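These notes concern the structure reproduced below.
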Amino acid sequence: MAWVEAMAVKNLLLFLSLLVWINALTFCQGRQSWENNYPFIKEASTFSSSSASASSSGGGRKAYDYIIVGGGTAGCPLAATLSRNFSVLVLERGGVPFANFNVSHMKNFHISLADTSPESAAQTFISTDGVFNSRARVLGGGSCINAGFYTRASTSYVRRTGWDAKLVNDSYPWIEKQIVHQPNLVPWQRAVRDGLLEVGVSPFNGFTFDHLYGTKVGGTIFDEYGRRHTAAELLASANPEKLNVLVHATVQKIVFDTKGKKPRAVGVIFKDKQGNQHRAYISKRRGSEIIVSSGAIGSPQMLLLSGIGPKADLKKLNISVVLDNEFVGKGMSDNPLNTVFIPSNRPVEQSLIQIVGITKKGVYIEASSGFGQSQDSIQCHHGILSAEIGQLSTIPPKQRTREAIQAYTKSKKDLPHEAFMGGFILEKIANPISKGDLNLINTNVDDNPSVTFNYFSHPYDLQRCVDGIRMVEKLVSSKHFRNLTQFNKQTDEKLLNMSVNANLNLIPKHTNDTKSLEQFCYYNDDGQVHGSEDIERKTWKISWYMKFEAE
């Protein structure tokens with residue numbers, strides 16, 4: 001008997017060793033694969049100012065025609081196209097997305113956003129309004145952490161920005177052929193599509209990339225196997241002989257030559273993962289540039305750290321003024337988004353954004369379903385983003401201590417998978433009129449700046465939110481949606497209250513917020529805001545997740 005037990009233990013150990021070896025082999029193969037496909041991506045610690053791939057600028061140092069600060073959804077395609085004719089250096093503060101399972105697989109979408117570790121692809125921060133957000137911190141930018149919905153810009157947007165409409169339209173297929181897919185609609189998304197048409201968000205425009213009023217099926221960067229394809233993959237179109245991409249390269253400031261009549265950007269100072277500093281310079285070729293594409297938060301932060309911004313603000317932090325510009329950091333806005341959780345008495349297949357209803361008032365109705373098929377999505381440590389259990393909504397903001405968070409995290413372990421059956425209707429306000437500003441807290445580039453968005457400070461934004469919530473109420477009551485969810489006990493008000501109780505932000509609120517849809521949109525009873533802890537992801541005014549005991 002002892003011999004049998006010994007053999008069983010031996011076989012078990014052999015199996016576990018084999019499993020570890022297979023997982024390690026799979027990871028190594030995945031790493032080797034992306035390194036073969038992207039040989040120009042290197043760690044910042046390997047950087048040498050005498051890189052043979054750059055053109056000389058004189059003085060014995062090498063330089064680049066273009067230095068791109070930030071390898072996100074703008075930086076990656078820019079680098080790929082510019083490298084066809086010029087030498088390009090891309091500096092990205094995060095790592096690569098290719099071997100990151102939480103980025104690559106849709107079932108782990110929530111884990112990536114909830115990861116608050118220094119290596120996370122998403123850097124969490126809270127605006128002074130009290131709303132949680134995430135900044136991308138990975139090559140590929142927001143396309144690595146968002147819900148993956150793809151659509152073309154509206155013609156009016158292209159016209160307002162002054163872009164060449166023909167050039168814009170010619171550029172779309174280049175992206176779409178490489179990373180965009182047609183989604184396979186799950187039942188939840190089909191019910192939203194039919195419900196939107198039933199309540200009058202028409203016509204139905206079918207599957208299209210174009211931005212059209214009515215209801216449509218948009219593109220997705222998730223393929224049929226649930227694998228995410230990010231902007232980083234656009235680098236495969238680059239000229240590998242002229243492109244250098246450095247990851248874990250955190251740019252600290254832009255270097256200027258101030259000897260002439262006007263300051264001229266000539267290089268950047270950046271640090272690698274070990275904290276060692278490096279310098280990179282642009283060539284003296286006419287037209288060489290440093291392009292700052294660090295996102296809506298990172299770009300103004302970089303300009304301010306480099307001495308470009310309001311003179312008075314820069315002097316407060318002892319930053320040498322290169323250019324006094326009062327507009328840097330001003331006019332900040334974020335699209336407010338409210339969600340309503342809709343429970344179901346049967347399992348719901350996971351989906352992210354596939355359908356959108358677009359109204360002429362700039363209200364978008366979207367949907368997602370299912371929490372994730374992985375148990376890790378529920379059981380993992382979500383820290384302060386543990387929204388599944390109400391996100392401390394019953395505890396006043398100033399009492400939301402680390403101990404309270406740990407207690408909620410522990411209680412989450414007992415939640416059954418059935419608690420997450422159902423989905424969400426999302427109501428978003430596009431192009432808000434409400435504006436805020438961004439200011440530096442300190443001179444550490446790793447820290448988030450202070451950002452205020454002033455959500456719903458303009459009455460028209462608030463009215464559009466109310467109109468959107470009313471549309472959501474009609475959608476939830478539609479025949480197609482009720483046939484899917486098969487519930488009839490919850491009234492509209494109860495559904496809204498369920499979402500209110502799962503509030504993710506730190507804005508103080510009344511317990512009867514849904515008595516007024518204005519209060520539901522804007523949780524602020526006294527104008528006071530709380531929370532200043534450490535966007536490309538949109539604002540979650542209400543938690544995505546909540547505890548629901550299935551009937």
Side-chain angles (χ1 to χ4, degrees), residues 44 47 49 57-59 61 63-72 74-75 78 89-93 123 125 127-129 135 137 246 249-272 275-334 435-454 532 534-535:
F47 177 76
S49 60
S57 65
R61 72 187 182 201
Y64 300 83
D65 295 326
Y66 290 93
I67 295 177
I68 298 177
V69 181
L78 270 174
L89 173 66
V90 177
L91 300 172
E92 167 55 46
R93 66 179 182 142
Q123 179 182 5
F125 84 99
S127 71
T128 62
D129 312 274
R135 297 171 60 190
R137 183 169 49 190
L246 298 180
T250 304
V251 176
Q252 296 173 294
K253 64 181 298 186
I254 302 168
V255 179
F256 290 90
D257 179 357
T258 57
K259 295 177 183 177
K261 292 182 178 180
K262 293 182 180 181
R264 183 172 65 90
V266 296
V268 295
I269 300 173
F270 65 95
K271 63 180 180 179
D272 60 29
N276 299 316
Q277 282 196 346
H278 307 269
R279 287 176 179 255
Y281 295 92
I282 56 174
S283 66
K284 293 183 179 180
R285 179 191 67 85
R286 183 177 179 85
S288 290
E289 293 180 339
I290 295 174
I291 300 173
V292 179
S293 59
S294 304
I297 304 300
S299 293
Q301 180 186 25
M302 180 54 55
L303 293 177
L304 291 168
L305 290 172
S306 303
I308 299 178
K311 183 177 181 179
D313 293 346
L314 297 176
K315 284 192 170 183
K316 289 178 183 178
L317 293 174
N318 295 319
I319 298 175
S320 298
V321 180
V322 173
L323 181 66
D324 181 11
N325 188 320
E326 62 179 311
F327 299 107
V328 177
K330 302 301 186 287
M332 297 295 295
S333 66
D334 182 34
K435 306 291 183 182
D437 52 39
L438 176 150
N439 297 282
L440 295 180
I441 297 176
N442 54 40
T443 56
N444 186 349
V445 68
D446 295 320
D447 292 343
N448 289 307
S450 171
V451 185
T452 303
F453 293 115
N454 289 324
S532 57
D534 287 6
I535 112 181

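This structure is a prediction, so every number in the text was calculated from the model and none was measured.
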Partners of [X] by salt bridge (Lys or Arg N to Asp or Glu O under 4.0 Å), sequence neighbours excluded?
| X | answer |
| --- | --- |
| Arg279 | none |
| Asp324 | none |
| Lys271 | Asp446 |

Apply side chain to side chain donor-acceptor pair (under 3.5 Å) to Arg137 and list each qualifying residue two or more places apart in sequence or on a separate chain.
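Side chain to side chain donor-acceptor pair (under 3.5 Å) list for Arg137, sorted by chain: empty.
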
Apply the side chain to side chain contact (heavy atoms under 4.5 Å, CB included) test between Leu314 and each candidate in Asn325, Leu304, Ile308; give the one that qualifies.
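The option that passes is Leu304.
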
Looking only at the side chains, is there a donor atom on one of Asn454 and Thr452 sitting less than 3.5 Å from an acceptor on the other?
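No donor-acceptor contact under 3.5 Å links the two side chains.
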
Do Gln123 and Arg93 have side chains that approach each other closer than 4.5 Å (heavy atoms only, starting at C-beta)?
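Yes - at least one pair of side-chain heavy atoms lies under 4.5 Å apart.
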
Student check: side-chain heavy atoms of Ile297 and Pro449 closer than 4.5 Å
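Yes, their side chains come closer than 4.5 Å.
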
Write down the atom of Val322, the atom of Phe256, and the distance for their closest heavy-atom approach.
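Here Val322 and Phe256 meet closest at CG1-CG, 3.8 Å.
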
Any chance you could measure Asp272, atom CG, to Leu91, atom CG, to the nearest 0.5 Å?
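Answer for the CG-CG pair, Asp272 versus Leu91, is 11.5 Å.
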
Out of curiosity, Ile67 CD1 to Ser288 OG, how far, rounded to the nearest 0.5 Å?
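OG of Ser288 is found 9.0 Å from CD1 of Ile67.
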
Tell me, with the steps shown, if Thr443 and Leu305 meet side chain to side chain contact (heavy atoms under 4.5 Å, CB included).
CA-CA 6 Å; Thr443 56; Leu305 290 172; 4.3 Å; yes

Under the rule for side-chain contact (heavy atoms from CB on, under 4.5 Å), what residues qualify as partners of Asn442, not counting sequence neighbours?
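Asn444, Asp447.
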
According to salt bridge (charged side-chain N to carboxylate O under 4.0 Å, His left out), does anything in residues 285-311 pair up with another residue at least two apart or in another chain? List the pairs.
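Qualifying pairs, neighbours excluded: Asp65-Arg285.
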
Should the heavy atoms of other residues, nucleotides or ligands under 6.0 Å from NZ of Lys435 be counted, would the total exceed 12?
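Counting neighbours around NZ of Lys435, more than 12 heavy atoms of other residues, nucleotides or ligands fall under 6.0 Å, so yes.
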
Once the angle between the rings of Phe47 and Phe270 is folded into 0 to 90°, is it parallel (under 30°), tilted (30 to 60°) or perpendicular (over 60°)?
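The rings of Phe47 and Phe270 stand perpendicular, inter-plane angle above 60°.
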
